[in-house]
Amino acid sequence: MSFMPKIKIDGKEYIAKENETILQCAQRNGIYIPRYCYHPSLSIAGNCRMCLVEIEKMPKLQTACSTIVAEGMNVFTSSEKVKKARKDVLEFLLKNHPIDCPICDQAGECYLQDYYMDYGLRKSRVSLNEKVRRGKRRQLGDYLILDNERCILCTRCVRFCEEVTKTSELFVANRGDHSFIDIKPETSLNNPYSLNIADICPVGAFTSADFRFRQRVWFLKTTESICLGCATGCRIKVQHNDNTVYRILPLPNEETNTWLCDFGRMTYKEMYSEDRLNHITIESQEFGLDLDKVFDYIKEVKPQEIAVFLSPNLSIEDNIALYYFASNVLKTENIFIPSLPERKIEDGILKNSDPYPNSTGIEIIANKLKLKKDEKTSEKFALVISSLEIAKTYARDSKGIFFSLTKSDMNGAIVPMKSYFENEGTFVNWQKYARKTTVSVVNEKAFSVFDVMKRLAVLFGSNSFFSSLKDIEKFISSNGIDKEFK
Amino acid sequence: MIKVKNIKIRELNIWERIYIPEIIRGLGVTLRHLFSNLLNPSSIPTISYPEEKVLLPGHAKERSRHRIKLRKDGTPKCVACMLCATICPAKCIHIEAGETENFVEKYPKKFDIDLSRCVMCGLCVEACPEDAIIMDTEEIPGGAKDRNASYGKDGLYATKEQLFEKKREISTFGAANRLANEFLLSKERGNRND
């Protein structure tokens, strides 16, 4: 049993963990201490001085982020002395701040604004013309824009590049009040996790070039979902307004991710690409959104000659719908899962070697429902039903029904599919955590795979197909598939 | 330190100190006005509002036409911060932000006000941190006094170009405008350093 010091914060007694800092202990117990430089996933710098707290018997105020708790400590986080210190620290930080909030993308989620309203509220004693000027916008890398004027030198970005990506592109140049964040010569800030810097920057110094001026943050609504960029399956916050997704942020959690890679953040762009499919295409002819045309296209084929490939791009529910359609409506035995790549974290942070989000999920389905793993790719079928990415490797030449987000020159019926920002579904990541996507935006010009299968089942004259997603859930639990999930 | 200034008050003379003659003189003024108003009522300056109204020239009382002020170089003062669109209770302001070359970085690519929805509350003017949007006296099309108004969308939908004010001025208010001024100044001097 490790040593558990008892400390008092604002008159209340708490049991702290060993080697915990005051800030962490307070945070765990619901007391918020303002901070700029402290970040739970980075090392402790203690340079912003915003988290100063009063500790009994200590002559000076101490930084809560770097002071380790000790037995019998008596901490005051909101005494008059602390309040005054915060006010003064804030005045220093804002001394040369350009106050260009109207043109700053951070406005609305800026720590300077928040703490000014909470602790500052002091009129600036430095007039706008006397402020020290530094460089305004400067593009560093593909995704980031640096504004040195707004920077408060908390060095979160420097520490991120040193400790998380280990690329060390950024450093603090010069000394004293001349210091500013700079990039090392002849490098560019293009590491695959660069946009996290825009997230962790507490002020508007680093902002995202992709999100730049597109929307004010107070208009954005947030839904929690998961990233489908690879098999890691990070939890994300999708921020959207007026039926448009504007950006994706990580939703830090202990199981999978604290950060989010740039590739994952850009996955929403596929929805808004010019190639986005919004009508059914059969043999290069456009057919609007009439699923009967798809039925006309496949009704002549003998059901035994149709093969269904479960797809690691589709959710568990959609894969079950595909399986059930093949086994109960078509009554074919040609249900396969494609051979799937190995799953492991490639770079030690997040990026998985498997680009598909649901490989583990369909492996579980295949085990439980005893499906064949297809090694004989040369075997020909008259018609293949699957997602387009799988069809590209397994059914390059055959006819088929392919579900796709974007246009393609493939031979067959290509059905516009709802992306998983527009549709809900369960995905199982490489650690076997089953997580659900949520509907962030609505799209009327595409189908979910389940919708298509349901309609085709009706047209085939079958009445035993699932009537709703609830039936699929029942099917999943009755076959014991969800027992494998974490 | 508060400065103290001594003021000498003139002493009253004997005639004033007797008091009664001054009261009679005051009553005399009142009576003079009474009789002049009685004999010549048209000279009374007071009007009995609201029964009587004096019309001001033009639409001087109205503040219903939105304007966006321009800087000296003709660019709009607006920096598309969306505060007016945020506070607007009628949700009638639609702004799209874009990026410019000059110091200000941000400008409204699109700035539309749907006047058929506007409730003329003036909150957009209050909210503007750059003093860019104002409301002035020009009659809006379809207003009460505009008898020949067409109620079409074009008349009531003020686009960026229609909102721009003709007058150009040096702007001092707001941080972004300060940046703009520095930019203009450096351009005048010919040493642009961004």
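Remember, it's a predicted structure, so these values are computed and weren't measured experimentally. Quick note on labels: first sequence line is chain A, next is B, and so on, each numbered from 1.
Counted within 6.0 Å of CD on B:Glu51, heavy atoms from surrounding residues, nucleotides or ligands total more than 12; the atom is thus considered enclosed. Other residues, nucleotides and ligands contribute more than 12 heavy atoms inside 6.0 Å of the OH atom of A:Tyr32. Few gaps surround CG on B:Leu31; more than 12 heavy atoms of other groups in view lie less than 6.0 Å from it. Heavy-atom contacts from other residues, nucleotides or ligands closer than 6.0 Å to CZ of A:Phe263 number 12 or fewer. Residue B:Glu52 qualifies as enclosed at atom CD: its count of foreign heavy atoms under 6.0 Å is above 12. Residue-environment remark: OH (A:Tyr272) exceeds the threshold of 12 foreign heavy atoms within 6.0 Å.
Across all non-hydrogen atoms, the minimal contact from A:Phe219 to B:Met82 is CE1-CB, 3.9 Å. Shown here for B:Ala97 and A:Phe213, the closest heavy-atom pair between the two residues is CB-O, 3.4 Å. B:Cys81 and A:Pro102 make their closest contact through CB-O, 3.3 Å (heavy atoms, listed as atom of the first residue, atom of the second, distance). Residues B:Val79 and A:Ile103 share a closest heavy-atom pair of CB-CG2, 3.6 Å.
Atom CD1 of A:Ile145 is separated from atom CD of B:Glu105 by 8.0 Å, given to the nearest 0.5 angstrom.
A salt bridge links B:Glu99 and A:Arg137; the closest N-O separation between the charged side-chain nitrogens and carboxylate oxygens is under 4.0 Å.
For A:Arg212, the part lying under 4.5 angstrom from a heavy atom of chain B is the side chain only.
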